[in-house]
Number of protein chains: 2
Amino acid sequence: MSTVLDLLSAPLEPYAVRIATRKRQRLSLAAEPEEMLYLIRKGLHLTSAPMPHDRHQVLSILYPGDIVRASALPPIEGAAVISASDKGEVWRVRWSAIEALLGRDANVARVISDRLTDQAARSALHKSILAGLSGDERVVALMLEIAARTGRETATGVTFEMPLSRNDIAEYMALNADTVSRIVSRLRASGVLTPAGRNLLICPSFADLARACPLAPAITRLHNAGHLLPA
Amino acid sequence: MSTVLDLLSAPLEPYAVRIATRKRQRLSLAAEPEEMLYLIRKGLHLTSAPMPHDRHQVLSILYPGDIVRASALPPIEGAAVISASDKGEVWRVRWSAIEALLGRDANVARVISDRLTDQAARSALHKSILAGLSGDERVVALMLEIAARTGRETATGVTFEMPLSRNDIAEYMALNADTVSRIVSRLRASGVLTPAGRNLLICPSFADLARACPLAPAITRLHNAGHLLPA
DNA sequence: CGTAGATTTGAGTTCTGTCAAATTTTGTGG
DNA sequence: CCACAAAATTTGACAGAACTCAAATCTACG
């Protein structure tokens with residue numbers, strides 16, 4: 001099966017510097033002196049930017065196959081990619097190399113444009129979630145996203161790892177860590193999520209979880225969770 | 001001077017259907033049956049999506065040179081482009097035509113990718129504004145954006161038209177119309193904005209306005225407002 | 001000149017943030 | 001494997017910003 005990741009990896013391989021990442025590792029993003037494109041190969045990664053009052057904000061979650069470069073983020077000093085998974089892999093390529101490829105290889109042009117478009121849609125959805133949903137709904141939206149992306153069907157429900165700390169979740173969902181903790185406690189109490197050890201969660205009924213978030217249909221569609229929902 | 005708009009218009013022209021738009025006109029966005037790309041030629045336009053509880057949300061403001069297609073927005077039934085200006089112009093092109101062009105014309109591939117990247121950066125900045133700033137700061141952010149894009153230096157300050165209604169502003173800034181009204185009243189009272197007739201505003205000191213919004217530097221940089229600020 | 005829609009403003013409510021303290025988890029070195 | 005310090009999480013009490021609802025203006029336009 002040829003995935004999006006393969007489609008991009010093949011042409012970029014000759015130009016790429018492989019970077020093995022560990023949890024919390026930062027890759028700083030800057031257009032100067034030379035702009036780099038990062039291709040996510042393995043693991044979950046976050047784009048993060050510093051904000052006023054010593055805060056930070058997680059702008060997006062990057063999954064394997066995603067690409068990112070400084071020009072695609074707000075011009076804020078200190079923007080970075082941060083690894084959320086224990087072990088990840090990222091390829092770094094000079095943007096100038098990509099630009100040259102765009103001219104030579106029609107496939108690369110198509111894949112890059114598709115990737116940017118898909119990521120734009122996810123970014124817009126994330127924006128909708130932040131702007132339109134309550135705190136509880138936002139946290140559920142994140143759980144749905146991670147479950148959709150990384151979850152597995154098990155006997156007791158959909159099992160998935162949550163590699164984001166309470167603080168990461170807060171920075172991604174525009175809440176604060178205390179509030180996130182309260183919300184997660186409520187979700188646990190209501191039974192839609194069950195803790196299953198070290199950062200591991202079980203969602204006994206994916207449909208119930210989806211019901212707790214008005215934008216669930218859009219989330220599951222964009223993150224390919226068809227397989228977790230009843231037809 | 002060759003602008004971004006020209007760079008895109010030239011190659012797309014043979015495939016484009018010209019659409020003259022009037023205020024509030026909707027162009028619906030759907031991937032089915034055939035996906036269309038819209039190129040903004042004149043005027044300000046909004047991308048809007050319906051939300052739970054009979055709400056709507058403005059996902060982005062589109063300026064001349066911007067492009068949009070359904071795949072770049074969340075898969076929400078009823079997403080549309082809505083004209084904010086009295087008279088606008090939009091070109092509609094079949095996405096399949098663009099895709100073919102990507103292979104033939106290296107320039108098109110480069111421009112499209114640049115456009116998507118720039119728009120991604122603006123979307124991410126918008127997200128930062130929604131997630132990290134107070135209501136007052138968010139409204140100021142919008143004023144800065146519009147002033148930066150469309151404002152002119154006059155004797156009394158930077159003059160610009162605000163084509164968005166209170167409700168549009170509310171939907172763009174994740175506030176409600178009542179709150180926006182209160183905030184604008186406060187801005188007027190504090191003197192950073194002066195009404196100057198029909199949807200026209202004057203900002204006596206652009207620097208003062210910028211001081212009222214922590215993300216002003218990023219906003220002015222992304223929206224090319226260098227010319228409105230003291231060096 | 002009258003009406004429908006937009007805007008403004010007030011009063012009361014609610015959700016989320018802030019601050020602080022208690023508790024749990026994690027990482028490290030013996 | 002255990003002890004301990006540091007960090008993360010949880011929870012309570014309280015404050016504040018923004019929302020809701022409603023009424024009063026104001027504007028645009030036929």
Side-chain angles (χ1 to χ4, degrees), chain A residues 22-25 51-58 82 84 86 129-143 161-190 193 195-201 212-214, chain B residues 22-24 51-58 82 84 86 129-142 161-190 193 195-201 212-214:
Chain A
R22 55 184 198 294
K23 207 176 176 99
R24 306 255 133 247
Q25 181 168 342
M51 291 285 290
H53 310 298
D54 290 308
R55 308 272 164 116
H56 288 262
Q57 198 171 110
V58 172
I82 297 179
D86 288 327
I129 290 167
L130 297 185
L133 304 189
S134 72
D136 292 60
E137 293 165 343
R138 297 211 286 272
V139 172
V140 170
L142 171 63
M143 299 297 176
E161 205 197 318
M162 170 48 69
L164 308 199
S165 70
R166 294 286 178 271
N167 203 56
D168 292 334
I169 298 175
E171 291 178 1
Y172 184 55
M173 287 295 137
L175 293 166
N176 81 27
D178 307 60
T179 303
V180 170
S181 177
R182 268 180 260 270
I183 292 172
V184 174
S185 297
R186 281 199 290 271
L187 292 176
R188 234 185 293 127
S190 75
L193 286 178
R198 184 110 180 75
N199 295 336
L200 218 57
L201 292 172
C213 176
Chain B
R22 54 184 199 295
K23 206 175 178 100
R24 304 257 134 244
M51 291 285 291
H53 309 299
D54 289 307
R55 307 272 165 119
H56 288 263
Q57 199 171 110
V58 172
I82 296 179
D86 288 325
I129 290 167
L130 296 185
L133 304 189
S134 71
D136 293 60
E137 292 165 343
R138 297 212 284 272
V139 172
V140 170
L142 171 63
E161 205 197 318
M162 169 49 68
L164 307 200
S165 71
R166 294 286 177 272
N167 202 56
D168 291 334
I169 298 175
E171 291 178 1
Y172 184 56
M173 287 295 137
L175 293 166
N176 80 25
D178 308 62
T179 303
V180 170
S181 178
R182 270 179 258 270
I183 292 172
V184 173
S185 297
R186 281 200 289 271
L187 292 176
R188 234 185 293 127
S190 75
L193 286 179
R198 183 107 180 76
N199 295 336
L200 218 59
L201 291 171
C213 176

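Just so it is clear: chains get the letters A, B, ... in the order the sequence lines come, proteins before strands, and each one is counted from 1.
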Axis-to-axis angle across the helix from C/dC1-D/dG30 to C/dG30-D/dC1, five pairs an end, to 10 degrees?
-> 50°

Taking B/R22 for the side chain and B/D86 for the main chain, is one N or O donor matched with an acceptor at less than 3.5 Å?
-> no

Which ones in residues 173-182 of chain A lie close to DNA chain C, meaning a heavy atom under 4.0 Å from one of its atoms?
-> A/A174, A/L175, A/N176, A/D178, A/T179, A/R182

So, do A/V184 and A/L193 sit near enough that their side-chain heavy atoms are less than 4.5 Å apart?
-> no

Side chain proximity check, B/R182 to B/S185, heavy atoms < 4.5 angstrom = no

Between C1' of D/dC19 and CE of B/M51, the distance in whole Å = 16 Å

Can you sort out the partners of A/N176 under side-chain contact (heavy atoms from CB on, under 4.5 Å), two or more places apart, ordered by chain and number?
-> A/D178, A/T179

Report the distance from atom NZ of A/K23 to atom C1' of D/dA7, rounded to the nearest whole Å.
-> 14 Å

What's the spacing between B/I82 CD1 and B/D168 CG if we round to 0.5 Å?
-> 7.5 Å

Applying side-chain contact (heavy atoms from CB on, under 4.5 Å) to B/A131 and not counting sequence neighbours gives A/Q57, A/L130, A/A174

When rounded to whole Å, the CZ to C1' distance for the pair A/R188 and D/dT11 reads 12 Å

Is the shortest heavy-atom distance from the side chain of A/C213 to the side chain of A/L133 under 4.5 Å?
-> yes

Please check if atom CZ in A/R186 has more than 12 non-hydrogen atoms from other residues, nucleotides or ligands closer than 6.0 Å.
-> yes

Locate the shortest heavy-atom distance separating A/E171 from A/H56; write the atom from each residue and the value.
-> CG-O, 3.4 Å

Taking the side chain as every heavy atom from C-beta outward, state whether B/R198 and B/L200 have any pair of such atoms under 4.5 Å apart.
-> no

Protein-nucleotide distance (B/R55, atom CZ; D/dA18, atom C1'), rounded to Å | 12 Å

Where do B/R24 and B/S165 come nearest, in terms of heavy atoms and distance?
-> NH2-OG, 4.1 Å

For nucleotides 27-30 of chain D, which of its nitrogen or oxygen atoms have a protein nitrogen or oxygen under 3.5 Å away, and what is each distance?
none

Rounded to whole angstroms, how far apart are CZ on B/R166 and C1' on D/dC19?
-> 18 Å

Where chain B begins and ends its contact with DNA chain C, read 5' to 3' at 4.0 Å from heavy atoms = C/dT7 to C/dA11

If we only count heavy atoms from C-beta on, is the B/M173 to B/V180 side-chain gap below 4.5 Å?
-> no

Heavy atoms, side chains only, cut-off 4.5 Å: are A/D136 and A/L187 in contact?
-> no

For atom CG of B/L133 and atom P of D/dA17, their distance in whole Å | 15 Å

